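Okay, structure first, notes after.
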Amino acid sequence: MNHLIAPSVLAADFTRLSEEFDMVNNSEADWFHVDVMDGSFVPNISFGFPLIKAMKQMATKPLDVHLMIVNPGQYIEEVREAGAEVITVHFEACTHLHRVIGQIKATGAKAGVALNPHTPVALLEDLIEDIDLVCLMSVNPGFGGQKFIYQTLNKIKKLKEMITVRNAKTLIEIDGGVGLQNAEKILQAGADVLVAGSSVFQAERPTEVISKLKAIGKQTWYV
Ligand code: DX5
Ligand code: ZN
């Protein structure tokens, strides 16, 4: 499968959000990554439903909504109604993860599970077949612009092996500190989706960065 690029709108300029959305709409990006933070699960607050709904209207590509909130099961239907195609909840925030995955799928959205850097991928062994996407956090969630934690590469390999052995269809998404400097290594380790916030939106030519991220691993022919 060709890998997917999901620019994280947390790093966008909110004073000109519709231009930022147009840039992504007209780029080679595949999804919009949308970070919801509640100030409790993570030490930061981002935005909620009114803004997700507005984003849905501006986006011509799917919204990949990453819920960094406690009790995410309480809000699944509302997140779906706001326009999410992929809904990702944190393993660490769910006492009944299997139930929440079922809840997400019942809305027709794809079900994602995110793991904090300290959470071992082995904890997903008994439900990997039910999960559409695993989001491995490569920074401690809560803020954009942090440094990639390199141990994530080992987690990607372990998770990829688990998925292959089980013959599951689960996608591996990497979130935090991803950019042109490390994307190739991340993809070689087995990632399918790259979330990129500051490396895209803070670049002088964001569309070019997206194209370059998208082109990694594709054969280049010189004549
Ligand atoms: C971190 C968020 C990330 C963040 C990525 O808590 O989940 O999606 O926006 O931003 P960068 O790419 O700047 O690390
Ligand atoms: Zn995220």
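What you see is a predicted model, and the numbers here were worked out from it, not measured in a lab. When a residue number appears, it is its place in the shown sequence, counting from 1. Indexing begins at 1, ligand by ligand and atom by atom, following the structure's order.
Within 6.0 Å of CD on Q57 lie no more than 12 heavy atoms contributed by other residues, nucleotides or ligands. More than 12 heavy-atom neighbours from other residues, nucleotides or ligands sit within 6.0 angstrom of CZ on F143.
Vertex the Zn ion (ligand 2); arms to H66 ND1 and D35 OD1; angle rounded to 10 degrees, 90°.
Looking at G177 next to ligand 1, an N or O pair under 3.5 Å apart turns up. Where the criterion is an N or O separation shorter than 3.5 Å, residue side chain and backbone included, S199 fails it with respect to ligand 1. Looking at G142 next to ligand 1, an N or O pair under 3.5 Å apart turns up. For a threshold of 3.5 Å applied to N or O pairs, the pair formed by G145 and ligand 1 contains at least one separation below that value. Here's the thing with G197: one of its N/O atoms is less than 3.5 angstrom from an N/O atom of ligand 1.
Given atom 1 (C) of ligand 1, the protein heavy atom at minimum distance is F143 O, 3.5 Å. The single protein non-hydrogen atom nearest to atom 3 (C) of ligand 1 is D175 OD1, 2.9 Å, given as residue, atom name and distance.
The M37 neighbourhood of ligand 1 comprises atoms 6 (O), with distances under 4.0 Å to a heavy atom of that residue. Remark: ligand 1 atoms within the under-4.0 Å shell around heavy atoms of G144 are 10 (O), 13 (O). Within the listing of ligand 1, atoms 9 (O) sit less than 4.0 angstrom from a heavy atom of L10. Interface atoms of ligand 1 facing M68, defined by a heavy-atom separation under 4.0 Å, are 6 (O), 7 (O). Close approach of ligand 1 to P141 is summarised as follows: ligand atoms under 4.0 Å from at least one heavy atom of the residue are 6 (O). Every atom of ligand 1 is numbered from 1 in the order shown, and the set under 4.0 Å from a heavy atom of M137 is 7 (O). Short contacts between ligand 1 and H66, defined as distances under 4.0 Å to a heavy atom of the residue, involve ligand atoms 7 (O). Of all the atoms in ligand 1, the ones that sit under 4.0 Å from a non-hydrogen atom of D35 are 2 (C), 3 (C), 4 (C), 7 (O), 8 (O), 9 (O).
The proximity of S198 to ligand 1, defined as any non-hydrogen pair under 4.0 Å, involves the side chain as well as the backbone.
In summary, K56 and E81 do not engage in a salt bridge, as defined by a charged side-chain N under 4.0 Å from a carboxylate O. For K214 and D30, the salt-bridge test passes: some basic side-chain N is under 4.0 Å from an acidic carboxylate O.
Closest of all the heavy-atom pairs between V178 and A196 is O-CB, 4.0 Å. For the pair V89 and P72, the tightest heavy-atom approach, listed with the atom from each and the gap, is CG1-CB, 3.5 Å. Across K105 and A111, no two heavy atoms sit closer than the pair CG-CB, 4.1 Å.
Counted by atom type alone, D192 and H3 present zero donor-acceptor pairs between their side chains at under 3.5 Å. For the residue pair D35 / S46, no side-chain donor-acceptor distance below 3.5 Å is found, with atom types taken as modelled. With no hydrogens or angles considered, no side-chain donor-acceptor pair links T107 and E77 at under 3.5 Å.
The shortest distance between side-chain heavy atoms of E20 and M58 does not fall below 4.5 Å. For the pair L194/L4, no side-chain contact is recorded, criterion being any heavy-atom separation below 4.5 Å from C-beta on.
Expressed to the nearest 0.5 Å, how far NZ of K160 lies from CD1 of I156 amounts to 10.5 Å.
For the ligand labelled ligand 1, residue Q202 lies outside the 4.0 Å heavy-atom shell. For G176, the closest heavy-atom approach to ligand 1 falls below 4.0 Å.
Restricting D175 to its N/O/S atoms, the shortest distance to the Zn ion (ligand 2) is reached by OD2.
Residue H33: an N/O/S atom is found under 2.8 Å from the Zn ion (ligand 2).
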